[in-house]
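All chains are named by letter (A, B, ...) in the order of the sequence lines, taking the proteins before the strands, and each is independently numbered beginning at 1.
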Amino acid sequence: MKILRHAMLRAAARLVPSQERAEWLEEWSAELWYAQQSGVVDADRFCLGAFQDALWLRRHASQRAPRTASWLASPSRCLLFLAGLDAAALLAILPVPRPSAPIPLRAIFLLMGMACLILLATTRLSLGDYPASRSAPSLATRMRRWIFLAAKMALILAGMYAGLLLAASLGEKTRTAAVLVDALLCGSVLAFRWALHDQRRRCPVCLRLLTNPVTVGQRASWFLEWNCIELVCLRGHGMLYIPENPTSWFGAQRWQYLDSSWSGL
Amino acid sequence: MIRMAGETKLSHTAAMILQALGAGHVYGLSVMEMTGLPSGTVYPAMRRLERDGLIRSQWESQSIADAGKRPARKYYRLTRAGKATLEASQKRYPLLAKLAPVAETGQ
């Protein structure tokens, strides 16, 4: 029975964010030891509660995320990653025989159009408010942000094209090709969603991912006070406020440029 | 939990947990025993209270645990903000004080 209880704790621990897992498991294992010794609580029910605790930690992990940037924080690494995926896709289709006829342009546009329609229906396309201020960067710097987004989209489209080539080589009427096109459509929508989400979480100046998420205010009192998640650019370019409950006065995420005195960050 | 104009209002469950901690029941298990709440309620509530700065956690010394031939435990204590919130909650929930008398020395 003891083995089963520890197995339950270990299973629940898989839900806990990895950086907190060891300490979490140590705490629950210790408390389980005392629960079994004292016998005042049902040890099985005690272990079941670990799942609720683990789920709570998982759900609130973004508010207590480690203050380190991810591997994809750098814009060049992000583009390299996408280019690497495209290269892998192209390598994968190299041994496949070429389709007898070139892929009609309308098939590519149809797939792109359907992906865009699904995207419009399922996600916000707004990238947020970036109000002009004295600390705002030059036009050239601001244009880099759009070039970066366009580069990501182009790399995603290149991946889509590789997938279409593979589908076309399988023949028009095969079941595998049909499934592949469906999967490609779903994959494209997810990839475009990711590209937009990634763009929203980047500093408009240095294009690095923002870090140090902090919850400001309480969700329960959103009507009375500011309630959002605040992220900061580690290079001191500015701060991003993401509303937890979008309202008419604070519907989209808002960027605030910081002046050069913050560059010491 | 709702925070308005410097005053923090707790749910009844969170107030019970603060009361138990204030009374010297510093471990999750002893809070469960004191309040009668299940582990799936007590631990997430304590995470929330810790996130909001009302309690803080600390591991007991490993040498003390080793001497007692038992695993080291994580204990929780009220912070200054937690004590102030508990006092406000006791006014809001008068029956709370009957749950467990808060230790005079505090935690």
Side-chain donor or acceptor of A:Tyr34 paired with backbone N/O of B:Pro71 under 3.5 Å = yes
Please say which of A:Glu31, A:Glu26, A:Glu23 ends up in a side chain to side chain donor-acceptor pair (under 3.5 Å) with B:Lys74.
-> A:Glu23
Interface moiety of B:Ala65 toward chain A, non-hydrogen atoms closer than 4.5 Å | neither
Please determine, among B:Met32, B:Arg70, B:Glu33, the option with the most heavy-atom pairs under 4.5 Å with chain A.
-> B:Arg70
Minimum heavy-atom distance A:Ser38-B:Leu29, with the two atoms named = OG-CD2, 4.4 Å
Take B:Arg73 and A:Trp33 through the test side-chain contact (heavy atoms from CB on, under 4.5 Å) and record every step on the way to the result.
-> CA-CA 10 Å; B:Arg73 301 181 85 175; A:Trp33 187 88; over 6 Å; no
Step through the shown structure and confirm whether more than 12 heavy atoms of other residues, nucleotides or ligands are within 6.0 Å of CH2 on A:Trp146.
-> no
For A:Arg14, does the CZ atom have more than 12 heavy-atom neighbours from other residues, nucleotides or ligands under 6.0 Å away?
-> no
If the plane angle is over 60° it's perpendicular, under 30° parallel, otherwise tilted; pick one for A:Trp28 and B:Tyr43.
-> tilted
When you look at CZ of A:Arg45, are more than 12 heavy atoms from neighbouring residues, nucleotides or ligands closer to it than 6.0 Å?
-> no
Scanning both residues in full, the closest heavy-atom pair of B:Ser39 with A:Gly49 reads OG-CA, 3.2 Å
Taking atom CD1 of A:Ile3 as the centre, does the number of heavy atoms from other residues, nucleotides or ligands within less than 6.0 Å exceed 12?
-> no
Interatomic distance, CZ@B:Arg47 vs CG@A:Leu57, rounded to 0.5 Å, equals 5.0 Å
